[in-house]
Amino acid sequence: MTDVYPFNEIESKWQKLWEKNDLYRSVDFAGEKYYVLEMLPYPSGKLHMGHVRNYSIGDALARYQRMKGYNVLHPIGWDAFGLPAENAAIKHGIHPEKWTLDNIAYMKSQMRRLGFSYDWERELATCLPDYYRWNQWFFIQMFQNDLVYKKTAMVNWCDACQTVLANEQVVDGGCWRDGTPVIQKKLSQWYIRITRYAAELLADLEGLTDWPERVRVAQTNWIGRSEGANVLFAVDGTGVEIEIFTTRLDTIYGANAVFLSPAHPLVEQLLENHPRRPELARQIERMTNQVMADRTYQGTTKEGIFLERYAINPFNGERLPIWIANFILMGYGTGAIMAVPAHDQRDHEFSRKYQLPIRPVIQPPPDHPTAADDTLIYTGYGRLINSGLWTGLDSATAMDRMAEHAAANGFGKATVSYRIRDWGISRQRYWGTPIPIVYCDHCGTVPVPEAELPVLLPPLRKIDYRGGSPLLNIEEFVHAECPRCRRPARRETDTMDTFVDSSWYYLRYTNARLSGNPVEPEIVRYWFPVDIYIGGIEHATGHLIYTRFWWKMMRDLGLVTGAEPVNRLLTQGMVIKDGAKMSKSLGNIVDPDAIMKDFGADTTRLFILFASPPEKDLDWSGTDIKGCFRFLNRLYRIVRRQRRWIAAPPGPIPGPDILDERQSVLLRKTHRTIDKVSRDIDERLQFNTAIAACMELLNEMYTFEQGGIRTAHDQWVFRMVTKRLLLLAAPFVPHLAEELWHVIGEPGSVLLAEWPTADPDLLVEDSPLVEIPVMINGKLRDRILLPVEAEQEQAVADAAEIPKIRKLLQEKRIVNSVYVPGRIINFIVK
RNA sequence: GCGAAAGUGGCGGAAUUGGCAGACGCGCUAGAUUUAGGAUCUAGUACCUGAAAAGGUGUGGGGGUUCGAGUCCCCCCUUUCGCACCA
């Protein structure tokens with residue numbers, strides 16, 4: 001391509017100067033703050049278009065708020081622990097640390113070439129001991145506050161990654177990273193008690209009014225609160241009691257069985273002294289394995305194993321058979337339920353299969369199809385029947401009173417269950433934060449004392465991933481001294497889930513070099529909450545719940561104040577190509593380096609903001625980007641063409657009243673553009689329309705130029721527009737805006753210039769006449785020029801006199817006429 | 001199955017409070033300029049009928065509210081996303 005503006009020269013020139021002048025350093029406590037946060041990238045090798053989008057949005061906002069006069073915090077870091085580094089080590093024999101740091105260096109150079117305005121003094125990488133020691137510190141605080149514990153349980157296991165996955169990392173039954181089907185394994189693992197915060201995490205969602213609705217909905221579902229009751233069923237002839245959870249205590253008279261999860265801890269006790277114990281145990285084991293294999297598959301047929309034991313319904317004394325049922329989840333409620341086949345679809349299906357009796361206890365409405373078809377069931381609320389002394393009550397009253405009754409008699413109580421589980425953080429991998437725990441034969445599980453942190457990752461000599469954590473194979477690491485009794489002990493060899501790293505990194509930016517503490521509370525108080533957080537929707541339930549939890553946990557440790565860390569959340573859409581997500585296998589990847597080479601950083605950033613509103617997916621188009629490039633070239637040319645007199649000292653400022661028609665039009669257009677761009681960025685986060693408005697303004701400048709720029713007033717208006725447009729464009733295309741700012745002789749950096757304000761008087765037309773559409777029966781027929789303050793009667797009369805309208809109204813009867821001043825005239829005729 | 005979001009020209013997308021649908025950009029058409037153009041400038045560009053003037057149709061489909069609906073209400077279709085045996 002020839003005849004294009006020298007973006008390479010311009011961009012590298014200003015990048016160097018900005019860096020030299022330290023333009024993006026944020027100083028604590030310097031005025032009113034604004035914190036722009038973007039999700040930190042995983043250093044996978046190169047930036048992809050999704051990163052460019054994420055950071056272009058953030059950078060535009062950061063630059064805008066700086067120009068608005070805020071003290072802006074705009075940091076970046078690296079989510080630097082994780083599996084790909086290890087996979088690279090296995091494949092290419094590179095040490096994970098070298099691989100990671102090399103990638104960081106390259107991606108950082110890309111960010112610099114894109115011209116993002118980060119305060120690099122605050123950069124952090126989570127794989128460095130300076131950072132991960134604080135993960136360990138938090139772990140110990142939580143350990144001391146009973147917020148972290150170890151238990152043996154069934155866990156999600158990815159065979160390809162050779163590690164455990166959190167529930168949040170299992171997607172459609174497969175590993176979130178590589179899709180490998182997840183299997184269940186019984187392992188001893190560390191868990192964070194996030195469930196202790198379930199109620200608060202749910203309740204505080206209400207206050208997050210500037211978060212997207214769908215994120216709040218996703219989190220609400222994920223936390224999954226349900227109100228109900230726990231009820232104790234005594235097992236006949238034993239001292240054992242089974243606690244069930246139900247949301248429908250009102251249906252307890254319809255219970256025909258008690259179902260246990262195959263993984264229920266009481267199963268073993270119930271089989272004690274059982275005549276058929278070996279056979280039942282075998283069946284249960286088979287079911288357990290089958291459940292694991294099918295865990296995510298809903299269509300699985302209901303299977304049961306009758307234990308030949310009975311439980312007593314405490315409400316009516318009925319003896320109910322106890323079954324193991326394959327669809328009962330151990331992780332929800334108590335892992336045991338009462339079966340009510342008349343009012344629950346699953347229990348019904350099960351009871352029909354095994355021919356258990358079905359007794360309705362809720363009266364369905366008269367028109368409900370249950371009456372005609374007994375394979376249908378009624379799951380709604382209603383009046384109780386067949387329910388002893390509770391008969392006749394409505395469901396809601398019954399549930400309340402029955403829970404009170406159970407509590408008074410010591411066999412139950414109203415409870416709330418949550419779907420969210422505790423957060424399993426153990427990972428059997430090398431490249432993560434070592435869990436700071438030592439196992440001592442004499443002292444048990446001992447946390448590493450704060451003074452002995454960090455527990456450093458040992459140098460990795462031999463890469464051996466089979467058979468548990470690689471750290472297990474490093475003897476110097478495993479052999480430790482008990483911090484308490486100083487006798488030989490064994491070190492924990494699992495590392496932490498990397499979501500731990502990303503749960504608090506945004507706090508560390510407030511002082512990334514701090515030693516002695518993870519954060520300084522006063523500085524955190526100054527910068528928080530985050531004013532806007534920008535990142536992918538895929539983190540709606542994982543990272544964004546962990547982050548909220550972590551903040552609340554830190555608040556309870558006295559480190560931060562306030563309920564929530566993030567005020568406003570912007571979830572950007574994906575960058576796709578040809579209707580599909582960019583991926584190596586599809587071969588539809590667009591490389592940011594290639595685009596920057598052809599068009600420069602400004603065009604790349606401008607296009608990615610212009611092509612689509614941030615929340616929506618963006619279909620990358622190789623031709624549409626030319627439009628943005630053309631716009632910048634046009635801007636460059638017109639400013640250069642007129643630069644001599646624009647740069648000349650301006651004369652006196654003429655009042656708007658002495659401007660001629662076309663000068664006035666351009667002046668007003670400018671102010672409307674200022675108003676639109678400001679509101680689009682600030683309120684709506686709609687960069688595409690803001691940029692479109694800038695394009696319109698440039699088009700007007702071309703029209704104006706065509707008409708000639710001769711008089712002092714022509715020049716005054718044109719100079720004014722040029723300056724304003726450069727200011728408005730600066731958040732999107734900082735390099736070119738800066739270059740042209742200097743071309744027109746402005747001193748200082750455009751990036752530090754004040755954001756322009758719109759004069760409200762210039763937002764409305766000053767013409768005494770206004771053109772308004774004239775409709776007949778809601779159909780546009782013509783337009784009319786009317787005085788702004790025209791009265792209804794006059795307006796309608798004038799409109800009816802327009803020749804075209806008069807013709808159309810002939811032989812018609814006007815039933816009604818509507819006049820909305822400044823908006824519309826509408827004749828209703830017959 | 002449950003929940004949420006979306007559906008507008010050839011394409012990406014505008015329409016912020018119910019008031020002129022299609023801003024802006026791509027593409028396309030014509031003209032100018034140019035040695036040339038995949039550069040630049042100008043004009044045009046929803047669809048149908050028509051030489052034109054003009055008329056008709058039009059925001060997934062159907063109904064409704066309203067003087068007036070892309071926008072509000074009801075039903076349906078399609079797509080995408082989230083949850084998915086949660087008792």
Side-chain angles (χ1 to χ4, degrees), chain A residues 1-4 171-172 212-222 224-226 228 244-248 251 259 291 294-300 302 325-329 331-340 343-347 349-350 417-420 537-538 540-541 573 607 610-613 615-628 630-631 633-634 637 676 679-680 683-684 686 688-696 698-699 702-703 706 771-783 804 815-820 822-829:
Chain A
M1 234 169 292
T2 54
D3 289 348
V4 298
V171 179
D172 291 333
E213 179 67 18
R214 63 180 181 143
V215 172
R216 293 189 297 170
V217 167
Q219 294 206 357
T220 303
N221 291 340
W222 190 265
R225 180 181 201 270
S226 43
I244 63 105
F245 173 72
T246 180
T247 55
R248 292 300 301 272
T251 64
F259 292 165
V291 166
D294 287 356
R295 185 31 72 78
T296 57
Y297 182 53
Q298 188 190 4
T300 314
K302 311 259 177 294
N326 65 343
F327 63 96
I328 305 301
L329 306 170
Y332 185 75
T334 59
I337 66 156
M338 61 174 190
V340 183
H343 305 292
D344 181 281
Q345 190 59 53
R346 297 151 301 183
D347 299 347
E349 204 180 314
F350 189 97
S417 256
Y418 293 93
R419 185 185 160 281
I420 192 171
I537 185 69
E538 66 273 18
T541 49
F607 173 66
F610 176 68
S612 170
E615 301 255 2
K616 285 180 60 170
D617 284 351
L618 183 157
D619 206 338
W620 185 272
S621 150
T623 52
D624 289 4
I625 193 172
K626 284 195 219 152
C628 289
R630 201 171 285 164
F631 166 66
N633 275 293
R634 275 160 63 82
R637 277 197 304 269
K676 172 146 184 70
R679 286 189 300 123
D680 279 352
E683 296 161 24
R684 303 207 308 154
Q686 288 257 109
N688 55 335
T689 48
I691 293 165
C694 291
M695 290 174 167
E696 281 186 59
L698 182 67
N699 291 344
Y702 267 74
T703 306
Q706 200 116 55
E771 189 188 57
I772 64 175
V774 180
M775 294 176 158
I776 295 176
N777 287 344
K779 215 165 270 190
L780 177 70
R781 293 301 177 179
D782 209 340
R783 298 185 172 83
K804 190 171 157 187
V815 183
N816 193 8
S817 47
V818 178
Y819 170 62
V820 183
R823 290 269 185 209
I824 204 122
I825 292 172
N826 193 5
F827 292 101
I828 315 305
V829 301

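These numbers come from a predicted model, not from an experiment. Naming: A, B, ... by sequence-line order, numbering from 1 per chain.
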A:Glu213 meets the salt bridge (charged side-chain N to carboxylate O under 4.0 Å, His left out) criterion, sequence neighbours left out, with A:Arg216
Which whole number of Å gives the distance between the C1' atom of B:C67 and that of B:A52? 34 Å
With respect to the phosphate group of B:A84, does any side-chain polar atom (N or O) of A:Arg419 fall under 4.0 Å of OP1 or OP2? yes
How long is the line joining CH2 of A:Trp222 and C1' of B:C81, in whole Å? 15 Å
On a whole-Å scale, what distance lies between the P atoms belonging to B:C26 and B:G82? 34 Å
Output yes when a side-chain donor or acceptor of A:Asp344 lies under 3.5 Å from a complementary backbone atom of A:Ala339, and no otherwise. no
What's the CG-P distance between A:Asn816 and B:C67, to the nearest Å? 8 Å
Does the side chain of A:Arg214 get closer than 4.0 angstrom to OP1 or OP2 of B:A6 through an N or O atom? no
What's the OH-P distance between A:Tyr332 and B:C83, to the nearest Å? 17 Å
Return the set of residues passing side chain to side chain contact (heavy atoms under 4.5 Å, CB included) with A:Ser612 (not counting sequence neighbours), or none when no residue passes. A:Arg53, A:Lys616, A:Leu618
Specify the separation, in whole Å, of atom CG of A:Asn221 and atom C1' of B:A5. 14 Å
Under the salt bridge (charged side-chain N to carboxylate O under 4.0 Å, His left out) rule, collect the residues that match up with A:Arg630, sequence neighbours excluded. none
Taking the nucleotide of RNA chain B with the closest heavy atom to each, which residue, A:Val217 or A:Ser226, is nearer the 5' end? A:Val217
Euclidean distance for C1', B:G68 against B:G50 (whole angstrom): 30 Å
Under the side chain to side chain contact (heavy atoms under 4.5 Å, CB included) test, which residues partner A:Arg637, sequence neighbours left out? A:Asn633, A:Arg634, A:Arg641, A:Tyr702
Nearest whole Å is fine: how far is B:A4 C1' from A:Glu615 CD? 13 Å
Distances under 3.5 Å only, N/O to N/O: pair up the protein atoms with those of nucleotides 29-34 of chain B.
none

Here the distance between atom C1' of B:C41 and atom CZ of A:Arg637, to the nearest Å, is 9 Å
Just to verify, what does A:Ala692 make a side chain to side chain contact (heavy atoms under 4.5 Å, CB included) with, not counting sequence neighbours? A:Phe610
In B/S/- notation, 5' to 3', how is nucleotides 13-27 of chain B contacted by protein heavy atoms closer than 4.0 Å? SSSB--BB--BBBSS
Does the side chain of A:Thr246 come within less than 4.5 Å of A:Val340's, by heavy atoms? no
Rounding to a whole Å, what distance do you find between A:Asn633:CG and B:C41:C1'? 14 Å
Who pairs with A:Gln219 by side-chain hydrogen bond (donor to acceptor under 3.5 Å, both in side chains), at least two apart in sequence or on another chain? A:Arg548
Can you name the side chain to side chain contact (heavy atoms under 4.5 Å, CB included) partners of A:Val820, sequence neighbours left out? A:Val818, A:Arg823, A:Ile824
Backbone of A:Val774 reached by a side-chain donor or acceptor of A:Asp782 within 3.5 Å: no
B:A87 C1' sits how many Å from A:Phe350 CZ, rounded? 14 Å
With syn defined as a glycosidic torsion within 90 degrees of 0 and anti otherwise, which applies to B:G55? anti
Qualifying residues under salt bridge (charged side-chain N to carboxylate O under 4.0 Å, His left out), relative to A:Arg248, sequence neighbours excluded: A:Asp250
With sequence neighbours left out, write down each residue that passes side-chain hydrogen bond (donor to acceptor under 3.5 Å, both in side chains) with A:Arg679, or none if nothing qualifies. A:Asp675
Interatomic distance at C1', B:U29 relative to B:A46, whole Å: 16 Å
Can you tell me, in whole Å, how much space there is between the C1' of B:A84 and that of B:A4? 14 Å
Taking 4.0 Å as the cut-off, does a side-chain nitrogen or oxygen of A:Gln706 come that near to OP1 or OP2 on B:C41? no
Show me the dot-bracket string of RNA chain B, counting Watson-Crick or G-U pairs under 3.5 Å, with | for pairs to another strand and [ ] for crossing ones. (((((((..(((......[....)))((((((.......))))))((((....))))..(((((..]....))))))))))))....
With A:Lys302 as the cation and A:Phe327 as the aromatic partner, state whether NZ or CZ is under 6.0 Å from the six-membered ring centre and within 45° of the axis. yes
